[in-house]
Amino acid sequence: MNSTPDLLTPQKSSSSNSQNEIQSQNANVMNIPEGMGKEGSEDLEIVTELSNPNTGKSAYIGVSISCAMVAFGGFVFGWDTGTISGFVAQTDFLRRFGQKHHDGTHYLSKVRMGLIVSIFNIGCAIGGIVLSKLGDTRGRKQGLIIVVVIYIVGIIIQIASVKAWYQYFIGRIISGLGVGGIAVLSPMLISEVAPKDMRGTLVSCYQLMITLGIFLGYCTNYGTKNYSNSVQWRVPLGLCFAWALFMIGGMTFVPESPRYLVEVGKIDEARASLSTVNKVAGDHPFIQQELDLIEASVEEARAAGSATWGELFTGKPAMLQRTMLGIMIQSLQQLTGDNYFFYYGTIVFNAVGMTDSFETSIVFGVVNLFSTGCSLYTVDRFGRRNCLLYGAIGMICCYVVYASVGVTRLWPNGQGNGSSKGAGNCMICFACFYIFCFATTWAPIAYVVISETFPLRVKSKAMSVATAANWIWGFLIGFFTPFITGAINFYYGYVFMGCMVFAYFYVFFFVPETKGLTLEEVNEMYSEGVLPWKSASWVPPSKRGADYDANAFAHDDTPLYKRIFSRN
């Protein structure tokens with residue numbers, strides 16, 4: 001045995017002095033337990049953890065730009081949301097795809113408008129579940145290229161529509177299939193390619209791109225509204241080709257997911273991908289360490305076999321509770337009523353007497369974009385539960401004012417006899433406050449919560465089910481909103497207010513705080529039956545002191561009203 005002062009033997013020896021020097025600088029070596037002698041040191045396995053030698057952010061400019069191009073998939077979805085709200089109010093669109101009143105004016109019936117706007121969500125739900133499998137069979141990059149091509153096919157069908165509204169309708173379904181696939185594969189590729197130190201920020205860029213797409217979609221509608229022909233809607237649709245080609249171009253610069261490459265046995269290509277992302281030579285010990293971790297994870301998944309859909313409801317720990325949590329959070333995100341403003345913004349504010357409702361939509365887009373940028377700070381600063389709870393309270397307050405003013409003050413002489421400008425301005429102001437509350441809390445955090453709730457074994461299946469619930473509710477709200485607003489006008493705001501009251505209590509009693517926890521620690525929290533309103537103070541087993549009482553977090557004798565108003 002080689003005798004050394006510290007009695008430590010590295011796991012792997014190296015003939016290179018420079019490599020030994022790198023290891024000594026980057027390794028965090030375990031201490032020998034007190035009382036262990038030389039005999040024990042022979043069997044001691046030393047675990048080293050190497051850190052990336054490239055700590056400067058400038059080293060990641062290239063991969064950051066590449067990930068931003070992949071995140072551009074969110075822009076594609078946001079662009080559709082922003083443009084369709086203007087299409088349904090444009091004269092040429094109404095003339096081609098609408099119906100005629102007795103006086104010769106054109107309009108879209110409630111059924112036709114609801115189908116044209118909301119069928120996109122059904123396509124997205126189907127595409128998210130079906131086309132996302134391309135990421136496992138063809139690779140993340142190639143899968144993204146395929147779904148973008150499908151999206152382009154849908155856009156071609158829409159642009160080629162002349163008078164048949166059902167042709168436009170079919171094009172919306174097909175483009176929705178593509179966007180649904182993008183919505184799953186784009187964040188997946190970013191999360192598997194991005195350096196671990198920047199993963200959260202780069203994945204969050206997807207939501208930021210959605211808001212940027214909505215804003216620029218509003219601006220484009222404003223720029224084309226004065227035309228009297230199909231330029232009004234065909235130019236915004238034509239720009240979709242530019243966004244799609246830009247995204248496909250970005251795929252040529254982004255390295256393939258190292259996890260996928262390991263799964264299909266392309267180890268050398270996986271090493272090259274890790275080397276490109278981390279700006280480190282392929283034979284560096286850090287790259288080998290990362291590759292070993294991925295290989296171990298893949299082998300563990302293979303040994304466990306394929307996860308079944310039934311495990312979403314019968315798996316342990318508490319998978320039924322967690323699956324329902326994902327479905328409810330995604331459903332409640334839609335029931336905040338955000339699409340009521342984003343899909344029908346121009347029509348809503350025509351009703352409040354705005355002379356140019358397209359300008360109002362641009363204001364909405366600016367507020368939404370700025371607020372989503374703020375969410376990159378609020379998510380980690382205040383925690384998931386607090387953001388969801390306070391966001392619900394803020395939206396409740398906004399809806400109370402918005403709906404009450406719309407019902408009691410907007411039409412002082414009755415509907416159709418002129419509206420109050422002061423009441424209209426008040427409603428627009430509180431609509432902007434609502435967008436701020438939504439964009440800084442429920443908009444991004446609903447996705448953050450489901451990404452942290454499920455174990456890796458069933459994560460893709462559970463997230464696809466939860467996201468499908470989001471798309472389906474988007475369809476229902478988009479389709480039925482014209483009917484509901486036609487019947488009850490701004491009383492509709494009270495419906496969303498009630499949903500937010502329910503959302504507050506649901507989050508309080510069923511959504512635990514997962515900020516700063518690993519997936520393994522989230523599993524441990526569910527295994528111990530930690531009460532959600534106590535979860536913010538819960539400590540993982542590996543970090544507990546001797547006096548820690550784990551049972552106290554699974555029981556609570558505090559009166560109900562004190563639980564609700566407690567800070568946890």
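Not measured: the values here are computed from a predicted model. Counting begins at 1 with the first residue of the sequence.
Atom CD1 of Ile173 and atom CD1 of Ile122 lie 9.0 Å apart (nearest 0.5 Å). With rounding to the nearest 0.5 angstrom, the CD1 atom of Ile484 is 12.0 Å from the CG atom of Asn489. Atom CZ of residue Phe438 and atom OG of residue Ser375 lie 10.5 Å apart, to the nearest 0.5 angstrom. One distance of note links CH2 of Trp473 with OG1 of Thr336; it measures 12.0 Å at 0.5 Å rounding. Note: Leu216 CG to Tyr218 OH = 12.0 Å, rounded to the nearest 0.5 Å. Going from atom OG of Ser175 over to atom CD1 of Ile155 covers 5.0 Å, rounded to the nearest 0.5 Å.
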Checklist entry - Between Phe483 and Val111, does a side-chain contact (heavy atoms from CB on, under 4.5 Å) hold up when you go through it step by step? => result CA-CA 8 Å; Phe483 297 96; Val111 173; 3.3 Å; yes
Next on the checklist: Quick one, Val449 with Leu388, criterion side-chain contact (heavy atoms from CB on, under 4.5 Å). Give me CA distance, side-chain angles, the key distance, then yes/no.
Outcome noted: CA-CA 10 Å; Val449 168; Leu388 292 175; 4.2 Å; yes
Checklist entry - Would Thr83 and Leu237 count as a side-chain contact (heavy atoms from CB on, under 4.5 Å) if you check the C-alpha gap in whole Å, the side-chain angles of each, and the deciding distance to 0.1 Å? => result CA-CA 8 Å; Thr83 53; Leu237 274 178; 5.8 Å; no
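Under the 3.5 Å distance criterion, the side-chain polar atoms of Arg140 are left unmatched by any main-chain donor or acceptor of Glu256. Checking side-chain atoms of Ser186 against main-chain N and O of Val70 turns up a donor-acceptor pair under 3.5 Å. Side-chain atoms of Lys141 come within 3.5 Å of backbone atoms of Met251 as a donor-acceptor pair (strictly under, hydrogens ignored). Put simply, the side chain of Thr211 never gets that close to the backbone of Leu369: no donor and acceptor are under 3.5 Å apart. The backbone N or O of Ala164 sits nowhere less than 3.5 Å from a side-chain atom of Ser161 that would complete a donor-acceptor pair. Checking side-chain atoms of Arg96 against main-chain N and O of Val162 turns up a donor-acceptor pair under 3.5 Å. Side-chain atoms of Gln333 do not come within 3.5 Å of backbone N or O of Asn470 as any donor-acceptor pair. In this structure, the side chain of Thr252 does not engage the main chain of Ile248 through any donor-acceptor pair within 3.5 Å. Looking at Thr441, its side chain does come within 3.5 Å of a backbone N or O of Cys437 through a donor-acceptor pair. A donor-acceptor pair under 3.5 Å is absent between the side-chain atoms of Thr440 and the main chain of Cys374, judged by distance alone.
Taking every heavy atom of both residues into account, Arg172 and Val117 meet most closely at NH2-O, 2.8 Å. Scanning both residues, Phe475 and Asn121, for their nearest heavy atoms gives N-CB, 3.6 Å. What you find for Met247 and Met69 is that their closest heavy atoms are CG-O, 3.9 Å. Looking at every heavy atom in both residues, Val367 comes nearest to Cys432 through CG1-O, 3.6 Å. Closest approach of Asn221 and Gln90 over heavy atoms only: OD1-NE2, 3.8 Å. The heavy-atom pair separating Ile445 from Cys387 by the smallest distance is CD1-CB, 3.0 Å.
Taking the centre of each ring, Phe430 and Phe433 come in below the 6.0 Å mark. Annotation: Tyr434 is not in aromatic contact with Tyr402 [ring centroid separation under 6.0 Å not met]. Taking the six-membered ring for Trp, Trp442 and Phe436 have ring centres at least 6.0 Å apart. Phe93 and Phe97 have their aromatic ring centers within a separation under 6.0 angstrom. Side-chain rings of Phe496 and Tyr492 approach one another, their centers coming within less than 6.0 Å.
Considering only heavy atoms from C-beta on, Cys240 comes within 4.5 Å of Tyr151 through its side chain. No side-chain heavy atom of Trp471 sits less than 4.5 Å from a side-chain heavy atom of Gln334. Contact check for Tyr506 versus Leu325: side-chain heavy atoms found under the 4.5 Å cut-off. Proximity of Ile145 to Arg138: side-chain heavy atoms (C-beta onward) are nowhere separated by under 4.5 Å. Looking at Val148 and Leu245, their side chains never come closer than 4.5 Å, going by heavy atoms from C-beta outward. Counting only heavy atoms from C-beta outward, the side chains of Tyr168 and Lys163 never approach each other to under 4.5 Å. Side chains of Tyr166 and Ile116 form no contact here, defined as non-hydrogen atoms less than 4.5 Å apart.
Taking the six-membered ring where the residue is Trp, Phe75 and Trp79 present parallel rings, their angle staying beneath 30° rather than reaching 60°. Below 30°, between 30° and 60°, or above 60°: for Tyr491 and Tyr494 the angle between ring planes is between 30° and 60°, a tilted geometry.
Figure legend: Lys225 and Tyr222 shown as a cation-pi pair, the cationic atom lying under 6.0 angstrom from the six-membered ring centre and within 45 degrees of its axis. A cation-pi arrangement is present between Arg385 and Phe508, with the terminal nitrogen or guanidinium carbon under 6.0 Å from the aromatic centre and inside a 45° cone about the axis.
Each of Thr91, Thr224, Asp92 was compared with Gln232 under the side-chain hydrogen bond (donor to acceptor under 3.5 Å, both in side chains) criterion, and only Thr91 meets it. Tested against Leu134 for a side-chain contact (heavy atoms from CB on, under 4.5 Å), the candidates Val147, Leu144, Val184 yield a single pass: Val147.
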